[in-house]
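Keep in mind that the numbers below use all heavy atoms, side chains included, and drop hydrogens, waters and symmetry copies. Order of the sequence lines sets the chain letters (A, B, ...), proteins ahead of strands, with each chain counted from 1. Treat the numbers as computed from the prediction; the structure is a model and nothing was measured.
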Protein chains: 2
Amino acid sequence: MEDVAARAGVSRALVSIVFRGAVGASEGTRERVLAAAADLGYQPDRRASRLGRTRTRMLGVVFGVGHAFHGDLIDSLYAAAAVSDYEVVLSGVTPRRSEEEAVRALLAERCEGIVLVGSALPSPALSELAGRLPTVSVLRDVRVEGVDVVRTDDAEGLRQAVTHLHGLGHRRIVHADGGRAPGAAQRRRGYRSAVRRLGLPPMPLLPGGLTEEDGARAAAVLLGLPPGEGPTAVTAFNDRCALGFVDAVRRAGLKVPEQLSVVGFDDIRAASYAHIALTTVRQDADALGRLAIERAASRLDGGEPPGNPVVVAPALVVRATTGAPR
Amino acid sequence: MEDVAARAGVSRALVSIVFRGAVGASEGTRERVLAAAADLGYQPDRRASRLGRTRTRMLGVVFGVGHAFHGDLIDSLYAAAAVSDYEVVLSGVTPRRSEEEAVRALLAERCEGIVLVGSALPSPALSELAGRLPTVSVLRDVRVEGVDVVRTDDAEGLRQAVTHLHGLGHRRIVHADGGRAPGAAQRRRGYRSAVRRLGLPPMPLLPGGLTEEDGARAAAVLLGLPPGEGPTAVTAFNDRCALGFVDAVRRAGLKVPEQLSVVGFDDIRAASYAHIALTTVRQDADALGRLAIERAASRLDGGEPPGNPVVVAPALVVRATTGAPR
DNA sequence: CACTGTAACTGGAGCGCTCTAGTCGCGCGC
DNA sequence: GCGCGCGACTAGAGCGCTCCAGTTACAGTG
């Protein structure tokens, strides 16, 4: 920086002004500084810049690496943060790196706020975290003082799925459950309330989960049911579960959607592939990411208390795995 | 830090020593400092620590968020970096965030080395990058001065796949190509050399790609072939492609493996699910990650020039999508 | 018992920025 | 012609650490 200043014939402070895009530098000087920096291959050091600044303007994001839907969300978070002039710092959760560790790393960086994607942190930990800095939980609904929640209206999504199936003429609709996964409880609730409201026969849940394998397991349970007792349609916890489920029942000789209709949840990219064409409930990754950043930013800048949990509306996407029961 | 020092009745320098785990603090003092820090909820600021230090000991990692195999690799990178006492800094590539941008962010952080996972950067950019700091390309083979490459022996993987199929009695084996994806050229080459060596009839490539959709497209091409001209076995560019392919041909009524055998590449988690049970060529994510870190670390610390491209042996995993031709 | 070596600890100068409180010209209004 | 305001620019004190050069205390040595 010193060198750039010398080369441009100005003070270090001026170089700083130019690189921060702050006011107080004439157009000519600005150009000279930029030219000098280019000649010298100078690029400001963000570490130092953050140290000197009062605010770091960093938002930490904890996510599961390799999770398709988390990836979609990260894309949206990066974009939204750029708009609010925040910088996102990624901290991944992997089989060998726990969420606690991921959070700790972000705290040591002095992030100003933290976004947890599909967090599995226990409430006390969340509560402590929220006491230290603005915390927003995306996808997972938590009732913890100080933690902002941004999520899809999971219950509504399942209501839409069930209503769609009911509209096609299905009456025996079963839900492949997500267990303790984020959003699973709400989806369960949405399924039950829709079934009740539409006057459909209540049916036991199928044990599901969030992977294809869980879906296949649910399929095995369904296939083991006495004939005539099985459902004509299934709502799955998520797309991966639905995909595994469809694959397994087809393998067993059932035709989808002719003999069994299936609805997923998320609308991951694979769901839209022509050969899969899964009917599913779409989560709006873009809105979720944007709102998460806005939540954190408003706590940080605005000061006005963010309202209740932010709930994003899901949208049913009808493709080729649902149809009228035979 | 000042406060912690005061509370423990020592100097700031001593607190620093304790937190860095450096020598020069008695056991008693160490405990007192730690206790004081705990009372005050103090945690050292990494930004400042990195600034003060001569070395940042940060390794930047550029990866595609949401890519299943990249996720496996990140896990391994985190683990390996911890061993060498380096810190990994993630920078994701998403539809809206280019690889160039991801790299730029890491440079501004003053990473000491950079690991590119499945990079698509053009050679000149790689070359320039390698000129600035140790650069290692994982998965993608590049012939650029100064860039270390850590990859799977893709050609060998395909040789194993073809040999396995040949051993089962297949003669008409076709490859669903990966186009310009990292590793695709080598896999193509491995396929061709194996076919030649085993004296099998050369067959035109199937246009594939790296997603399920590409696999399904390859399946469509295969299904359009005149009967008798089609292959009895297919090697796919990767698992996702293989999965899409299997799904599509089954949908068309073909039985896998009875009428058509299929081999994937990568061994992503989904490949091992019981209901999928894809025969595939396993890439050793753990070894790849470890070697990538070692490469960078040896350039940084050792000074001894790292050797030729590091090639990790793949391993065929036989599951249920391959069998003898009928 | 002076002398050395060592372990434990401290002071203070950086690291590369930011940012406040200035200084310096200069055009403008009255 | 004097004061004033304003834009352009600078000096220098941080930010929270690290790390080097000491200093001190104390056991060991001849």
Value in whole Å for how far the [atom2] atom of [N] lies from [atom1] of [X]:
| X | N | atom1 | atom2 | value |
| --- | --- | --- | --- | --- |
| B:Glu31 | C:dA8 | CD | P | 13 Å |
| B:Phe19 | D:dC19 | CZ | C1' | 18 Å |
| B:Glu109 | C:dC17 | CD | P | 13 Å |
| B:Glu2 | D:dG14 | CD | C1' | 13 Å |
| B:Arg55 | D:dT18 | CZ | P | 15 Å |
| A:Leu51 | D:dA13 | CG | P | 18 Å |
| B:Arg110 | D:dT18 | CZ | P | 20 Å |
| A:Arg30 | D:dG7 | CZ | P | 14 Å |

Note: B:Glu109-A:Arg50 ion pair, threshold 4.0 Å (strictly below):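 Result for this pair is yes, salt bridge flagged.
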Ion pair check, A:Arg96 and A:Glu101, cut-off under 4.0 Å: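 Looking at A:Glu101 together with A:Arg96, the answer is no, because their closest N to O distance does not fall below 4.0 Å.
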DNA chain D contacts made by residues 33-50 of chain A, counting heavy atoms under 4.0 Å: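 The stretch gives none, as no residue of it lies under 4.0 Å from the strand.
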Among C:dC19, D:dC15, D:dC17, the one nearest B:Met1 by side-chain distance: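 Nearest to the side-chain atoms of B:Met1, counting from C-beta on, is D:dC17.
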Pairwise N/O distances under 3.5 Å, protein to nucleotides 21-27 of chain C:
none

N or O in side chain of B:Ser26 less than 4.0 angstrom from C:dC9 OP1/OP2: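 The answer is yes; a side-chain N or O of B:Ser26 sits under 4.0 Å from OP1 or OP2.
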Any B:Arg20 side-chain nitrogen or oxygen under 4.0 Å from OP1 or OP2 of D:dC17: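 No, no such contact exists.
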Do any N or O atoms from the side chain of [X] and from the backbone of [Y] form a donor-acceptor pair under 3.5 angstrom?
| X | Y | answer |
| --- | --- | --- |
| A:Arg110 | A:Met58 | no |
| A:Arg12 | A:Met1 | no |
| B:Thr135 | B:Leu133 | yes |
| A:Asp266 | A:Ile268 | no |
| A:Ser76 | A:Ala285 | yes |
| A:Arg32 | A:Ala8 | yes |
| B:Ser298 | B:Arg295 | yes |
| A:Glu99 | A:Ala120 | yes |

Qualifying salt bridge (charged side-chain N to carboxylate O under 4.0 Å, His left out) pairs with a residue from residues 125-143 of chain A, counting only residues at least two apart or across chains: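 Non-adjacent pairs meeting salt bridge (charged side-chain N to carboxylate O under 4.0 Å, His left out): A:Asp141-A:Arg151.
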Evaluation steps, salt bridge (charged side-chain N to carboxylate O under 4.0 Å, His left out), between A:Arg55 and A:Asp301: CA-CA 11 Å; A:Arg55 304 264 318 260; A:Asp301 303 320; 3.1 Å; yes
Note, [X] side chain near [Y] side chain (heavy atom, < 4.5 Å):
| X | Y | result |
| --- | --- | --- |
| B:Glu294 | B:Val310 | no |
| A:Val65 | B:Asp75 | no |
| B:Phe63 | B:Leu77 | no |

A:Arg97 to A:Gly92 - nearest heavy-atom pair and separation: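 That would be NH1-O, 2.8 Å.
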The helix from C:dC1-D:dG30 to C:dC30-D:dG1: angle between end helix axes, five pairs per end, rounded to 10 degrees: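 About 50° separates the two local helix axes.
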Sub-4.0 Å heavy-atom contacts from residues 6-18 of chain A onto DNA chain C, ordered by number: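 Here the set is A:Arg12, A:Ala13, A:Ser16.
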Position toward the 5' end of DNA chain C (nearest nucleotide), B:Ala25 or B:Gly52: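 On the 5' side of the pair lies B:Ala25.
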Atom CZ of A:Arg269: over 12 foreign heavy atoms under 6.0 Å: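 12 or below, so no.
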Write out a two-atom table: protein N or O, nucleotide N or O from nucleotides 21-25 of chain D, distance below 3.5 Å.
none

